[in-house]
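Proteins come first, then strands; the chains are lettered A, B, ... in the order of their sequence lines, and each starts at number 1.
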Number of protein chains: 2
Amino acid sequence: MTAPTLRKTRSTGRPTLDAVAELAGVSSITASRVLRGVDSVGPEYVRRVKAAAAELNYVANPAARALASSRSGTVAVVIPSLSNSVFVDVLESIHSVLRPRGYEILIGNSHYSRNAEEDLIRHYLAAPPSGLIVTGFDRTESARRLIEASGVPCVHIMELEKAEGVHCVGFSQARAGEAVADHLVARGCRHNAFVAAQLDSRMMQRGEGFREALRRKGLYDADLEILTPAPSSIGLGCDLFRQLLQRRPDVDGIFFGNDDLAQGALFEARRQGIQVPDQVAIVGFNDLAGAADCVPRLTTVRTPRAEVGRVASNLLLSMIDNKPVPSPVVDLGYELVVRESA
Amino acid sequence: MTAPTLRKTRSTGRPTLDAVAELAGVSSITASRVLRGVDSVGPEYVRRVKAAAAELNYVANPAARALASSRSGTVAVVIPSLSNSVFVDVLESIHSVLRPRGYEILIGNSHYSRNAEEDLIRHYLAAPPSGLIVTGFDRTESARRLIEASGVPCVHIMELEKAEGVHCVGFSQARAGEAVADHLVARGCRHNAFVAAQLDSRMMQRGEGFREALRRKGLYDADLEILTPAPSSIGLGCDLFRQLLQRRPDVDGIFFGNDDLAQGALFEARRQGIQVPDQVAIVGFNDLAGAADCVPRLTTVRTPRAEVGRVASNLLLSMIDNKPVPSPVVDLGYELVVRESA
DNA sequence: CTGAAAGCGCTTACAG
DNA sequence: CTGAAAGCGCTTACAG
């Protein structure tokens with residue numbers, strides 16, 4: 001009977017915790033404690049372990065750590081799109097706070113499909129991650145239950161909803177839509193259209209806010225809506241603008257549910273010799289790249305993407321660490337940016 | 001002395017392999033084989049294990065699998081930006097082939113920083129992933145060595161470079177730049193400018209190709225270049241166009257190293273009443289969203305982002321599986337798309 | 001403040 | 001084709 005040989009390097013050739021401990025002359029659990037920042041270790045040991053780790057260029061094996069601690073050190077973020085730069089901005093911001101805290105971010109793109117989102121959530125929850133960030137509230141009942149049953153801390157972003165145990169960071173899409181209607185009416189537009197693509201739930205909420213505000217003023221005209229589930233794009237904006245003007249030449253104000261549609265409309269207006277905003281005022285949504293520079297410069301609603309990512313990440317960190325959270329729903333607001341197009 | 005109790009559920013409450021094996025009436029290793037698709041298992045056992053796994057809704061613990069097999073099931077992709085939709089397109093395409101094959105994709109954004117990229121590569125290689133996809137060849141010597149020393153299969157994308165043991169999928173940035181110069185000269189432009197931002201190595205290669213082609217025709221004028229390391233954007237395109245025209249009102253052809261700059265220039269031209277292409281022809285690069293729809297429609301170079309992602313992923317899969325690769329360098333080409341602006 | 005033992009949930013050789 | 005044993009590299013209680 002030979003004593004089992006303790007390996008000091010992994011199959012990959014990288015040093016193990018045991019190698020660090022041996023070099024530092026401590027037990028591996030003490031080395032583990034130092035490397036994890038647990039404070040109940042003597043200062044001399046701390047020094048020696050840190051030196052040994054540095055010398056060996058030690059990096060912990062994430063798989064072993066995850067298996068032993070049953071904590072993954074991972075945060076899964078599920079968004080509906082990467083083509084829509086709104087979500088790229090949110091992601092960047094999430095990265096900037098979670099990365100320095102040692103979390104690996106897993107990005108799941110549902111492509112605006114509820115079923116794809118459910119699959120992603122099921123996939124991630126099998127791991128399971130330390131935390132979860134999901135977009136909005138429109139999902140399958142199964143996905144909802146999976147999240148709840150998992151017990152994994154979860155923050156919903158971009159929309160607001162008050163419900164037991166639900167944490168969210170965003171703004172009121174409906175009120176943003178109202179603000180657009182108010183602006184258009186205030187500048188004298190009487191025939192206001194809502195043009196939207198993709199038709200995800202946030203888009204519909206903006207539309208509903210817009211609609212409601214017009215209704216209250218007695219200016220709502222259902223015939224002045226163009227909705228299509230096709231993906232939002234500049235090219236589609238050109239098409240929809242053309243369609244709308246053909247059908248209703250009397251339109252004098254248009255709310256496009258996303259800036260790319262509005263920018264397309266601006267191009268098409270120019271091609272057709274239609275004056276913006278004199279003949280028809282145009283408002284976009286999100287204040288995406290180019291909105292401030294196009295001709296005419298686009299009036300739009302600036303949405304707080306970076307703040308959403310940052311605040312949601314910090315909220316999630318508190319939840320992961322079982323710290324008290326100031327408020328489970330955080331309204332970050334929006335800002336109507338009036339430029340030249342309306 | 002009591003026999004050790006085998007747990008059949010994890011701390012998370014999810015079933016373990018042992019639970020599946022028990023339910024199926026086989027050993028856990030046989031269950032493991034079935035679930036991994038190893039074929040040397042009797043058909044009856046396969047059926048029973050699959051049924052048991054389905055019944056328990058079993059999903060393997062990735063950490064345990066990674067630790068035991070020392071394979072992570074992970075592919076790390078390091079790109080310089082998510083704001084530049086070029087890389088979003090590549091990522092989407094990588095996801096679409098690697099996801100169905102069971103790989104988790106880790107996205108590292110270097111923000112065009114060599115040091116940040118080195119940190120990311122060091123971080124990922126500590127794991128280490130089953131494969132690595134990195135952008136281009138411009139990196140620190142340490143990063144280069146880390147990759148080589150790791151032995152992790154690695155594919156370089158977007159640029160081409162023939163070197164021992166190097167695998168890459170992309171196109172010749174320099175030749176694409178030449179093609180733009182040829183086009184501009186062919187349409188009669190005599191004073192051709194190169195305007196670029198960000199100044200990453202691919203941008204510079206395009207510039208060099210453009211420059212060389214002009215030189216050969218005796219039309220190169222160094223004063224007609226504006227280079228700035230600032231991030232590329234539509235707004236910056238407006239500024240640079242204004243600067244250029246102020247300094248050199250005789251310019252009659254401009255190659256913008258990225259479409260967003262060119263789109264900005266188009267807006268600024270309109271504001272200043274400058275006719276495009278009659279007074280000055282404008283060519284962009286990448287054929288990004290909006291290029292086909294702006295006014296005038298943008299002449300640009302379409303780059304094969306989706307193909308790069310797809311081909312690179314398949315190449316990487318072959319390398320991971322130790323299958324022969326047809327060619328270590330794959331040139332996917334580019335396409336000059338002539339529209340209205342030049 | 002420090003450590004020996006056990007175990008996280010899989011897969012890898014090695015037998016048969 | 002199937003399985004018992006050992007081990008992947010950490011961390012979790014539990015002692016002291």
Side-chain angles (χ1 to χ4, degrees), chain A residues 1-22 24-49 53 56 58-73 126-128 130, chain B residues 1-22 24-49 53 56 58-73 126-128 130:
Chain A
M1 278 241 285
T2 54
T5 344
L6 264 189
R7 303 183 58 189
K8 292 294 183 291
T9 53
R10 311 181 196 163
S11 46
T12 63
R14 298 200 51 76
T16 64
L17 221 211
D18 282 338
V20 174
E22 190 175 67
V26 300
S27 71
S28 57
I29 179 60
T30 295
S32 167
R33 282 197 265 253
V34 172
L35 267 13
R36 273 177 298 142
V38 177
D39 35 312
S40 64
V41 179
E44 173 56 19
Y45 281 2
V46 171
R47 201 172 317 130
R48 271 155 54 185
V49 170
L56 297 177
Y58 173 77
V59 184
N61 179 326
R65 173 168 281 180
L67 184 57
S69 68
S70 61
R71 264 179 290 131
S72 62
S130 300
Chain B
M1 280 248 279
T2 54
T5 344
L6 264 188
R7 304 183 58 190
K8 293 295 184 294
T9 53
R10 312 179 196 162
S11 46
T12 63
R14 299 198 53 75
T16 65
L17 221 212
D18 281 339
V20 175
E22 190 175 69
V26 300
S27 70
S28 55
I29 179 59
T30 295
S32 167
R33 283 198 264 254
V34 171
L35 268 13
R36 275 178 296 143
V38 177
D39 35 313
S40 64
V41 179
E44 173 56 19
Y45 280 2
V46 170
R47 201 174 315 131
R48 270 154 56 185
V49 170
L56 297 176
Y58 173 77
V59 184
N61 179 327
R65 173 167 281 180
L67 184 58
S69 67
S70 59
R71 263 180 291 132
S72 61
S130 299

For this session: Pick base, sugar-phosphate or nothing for Ser40(A), based on heavy-atom distances below 4.0 Å to the nucleic acid.
Result: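 Base contact - Ser40(A) has a heavy atom under 4.0 Å of at least one base atom.
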For this session: Mind listing the closest non-hydrogen atom pair of Ser40(A) and Arg33(A) along with its distance?
Result: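 Distance-wise, the nearest heavy atoms are OG-CD, 4.4 Å.
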Exercise. Does Ala64(B) or Val41(B) map to a spot on DNA chain D nearer the 5' end, using the closest nucleotide for each?
Worked result: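 Of the two residues, Val41(B) wins.
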Whole-Å gap separating [atom2] ([N]) and [atom1] ([X]):
X: Leu17(B); N: dG9(C); atom1: CG; atom2: P; result: 11 Å
X: Asp18(A); N: dG7(D); atom1: CG; atom2: P; result: 13 Å
X: Asn61(A); N: dC8(C); atom1: CG; atom2: C1'; result: 13 Å
X: Arg33(A); N: dG3(C); atom1: CZ; atom2: P; result: 8 Å
X: Tyr45(B); N: dT2(D); atom1: OH; atom2: P; result: 5 Å
X: Glu22(A); N: dG9(D); atom1: CD; atom2: P; result: 15 Å
X: Leu67(B); N: dT12(C); atom1: CG; atom2: P; result: 12 Å
X: Ile29(B); N: dG7(D); atom1: CD1; atom2: P; result: 16 Å

Exercise. What distance separates Leu67(B) CG from Ser72(B) OG, expressed to the nearest 0.5 Å?
Worked result: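 Rounded to the nearest 0.5 Å, the CG-OG separation comes to 12.0 Å.
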For this session: Measure the OH-OG distance between Tyr45(B) and Ser27(B) for me, rounded to the nearest 0.5 Å.
Result: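 OG of Ser27(B) is found 8.0 Å from OH of Tyr45(B).
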For this session: Compare all side-chain heavy atoms of Leu17(A) with those of Leu35(A) and state whether any distance is below 4.5 angstrom.
Result: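 Yes, at least one pair of side-chain atoms sits under 4.5 Å.
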Exercise. Would you say the side chain of Ile29(A) lies within less than 4.5 Å of the side chain of Ser32(A), judging by non-hydrogen atoms?
Worked result: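 Side chain of Ser32(A) against side chain of Ile29(A), heavy atoms only: contact under 4.5 Å found.
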Distance check: side-chain N/O of [X] vs OP1/OP2 of [N], anything under 4.0 Å?
X: Tyr58(B); N: dG9(C); result: no
X: Ser69(B); N: dT11(C); result: no
X: Ser32(B); N: dC10(C); result: no
X: Thr16(A); N: dG9(D); result: no
X: Arg71(B); N: dC10(C); result: no
X: Thr30(A); N: dG3(C); result: yes

Exercise. Does any nucleotide pair with dT2(D) by Watson-Crick or G-U wobble geometry, both distances under 3.5 Å, and what is it?
Worked result: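 dA15(C) - that is the nucleotide pairing with dT2(D), both distances being under 3.5 Å.
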